[in-house]
Amino acid sequence: MEKKNIVIIGLGGVGGYFGFKINKYNEEASTFNITFIARNQTFSAVKQKGLIMHSPEFENNVTIPNLIFDQISAISDPDLVLICVKEYDLENVCLQLKEVIKKETIILPLMNGVNIVEKIRKTIFSNPILPSCVYVASHIKLKGEIEHKGLAGKIILGMDKEFPEAELEWIICLFQDSHINFDWKENPTVDIWKKFLLVASFGLVTAKYNSSFDMVCNDLGQRQEALEIMKEIIAIAIRKGIDLGVDVINKTFEKALTFPPNTPSSLQLDINQNKKNHELELFAGTIIHLGIEMKAKTPFTAKIYSELKS
């Protein structure tokens, strides 16, 4: 049987971690053709030395993909594409992907956000797009090197209801064989919103104070600010008919405390390193926009959005 082609776009904390696991399994099994897409210095580093993982999960911490390109246009006949980029790069990635995917290509975005599938669907509307969310404490240590601490990363994913006949069993087997921790759910919408509740509230507060997940939990002032943002997100979810559960705020703080001490958020890192691109619009902008759409007030998010913009 012809090997399926798997493409991982983006080798940051998420793409690097899960791409490493998939490729590490495939180095022995040789069941798939694996292609990495990376940019600039990351592309050069991985092409020269392989993808390097610093994690308690792995002793042999280098993996070499079948192929690595710095252009999406170089992809050929992909069967599964993992999109692991920041939201501000998504539209550009989708425009390029549209030119190289085939009818059967399955898209799996491993990204933050409650409307990622809808954003992809604006450009790629004839392919299955699996709704998902990810939990993993990993980040770029050096170009081509990923550092992972704490619990094993986890993917929560489900089927695309617009493409119920899509063949997905092989993807589940791929995750199992690659020792990827995952939950398959028919409808992961609630899980996606719970993840957004965590990353948006903690991302905004850690960015404002240049702090960390555990500091937000333990500092009364920062905890209160995260709480206010959570309340606004929950109010929007209620108006959209999404039940996040009566104890979701306490469980969100508990989840945050499972991250290793001093774990930063990606938004905090980007803003405090004065990067031109960051996910402030994905977090605060989305809350404010959905608040207007659903007639839910979001004054606290608007305030912290204004503070971070300045």
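The model shown is predicted, which means the values in this text are computed figures rather than measured ones.
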With distance as the sole criterion, is a donor-acceptor pair present between the side chains of Lys149 and Ser138 under 3.5 Å? no
Backbone N or O of Glu87 within a donor-acceptor pair of the Glu279 side chain at under 3.5 Å? yes
Using distance alone, with no hydrogens and no angle criterion, decide if Glu27 and Thr63 have a side-chain donor and acceptor under 3.5 Å apart. yes
Do Asn33 and Asn5 pair up side chain to side chain, a donor and an acceptor below 3.5 Å, judged on atom types alone? yes
If you measure only the distance, is there a donor-acceptor pair under 3.5 Å linking the side chains of Tyr209 and Gln268? no
Any donor-acceptor N or O pair under 3.5 Å, side chains Asp247, Asn250: yes
Just checking, is any N or O donor in the side chain of Tyr25 or Gln176 under 3.5 Å from an acceptor N or O on the other one? no
Test item: Tyr17 and Glu57 side chains (from C-beta on) under 4.5 Å apart, heavy atoms: yes
Do side-chain atoms of Lys3 reach the backbone of Ser30 as a donor and acceptor pair under 3.5 angstrom? yes
Could Arg239 and Glu293 be called an ion pair, given the rule that one side-chain N must be under 4.0 Å from one carboxylate O? no
Starting from Ile9, walk the hydrophobic network (Ile, Leu, Val, Met, Phe, Trp, Tyr; side-chain heavy atoms closer than 4.5 Å) and list everyone else you reach, by chain and number. Val7, Ile37, Leu67, Phe69, Ile72, Ile75, Val81, Ile83, Val85, Leu90, Val93, Leu97, Val100, Ile101, Ile107, Met111, Ile116, Val117, Ile120, Ile124, Ile129
Quick one: which of Trp184, Phe18, Phe182 gives a ring-ring contact (aromatic ring centres under 6.0 Å, His included) with Phe175? Phe182
Polar contact flag, side-chain donor to acceptor under 3.5 angstrom, Lys86-Asn277: no
Short side-chain donor-acceptor distance under 3.5 Å, Ser211 and Gln222: yes
Between Thr301 and Glu232, a side-chain donor and acceptor under 3.5 Å: yes
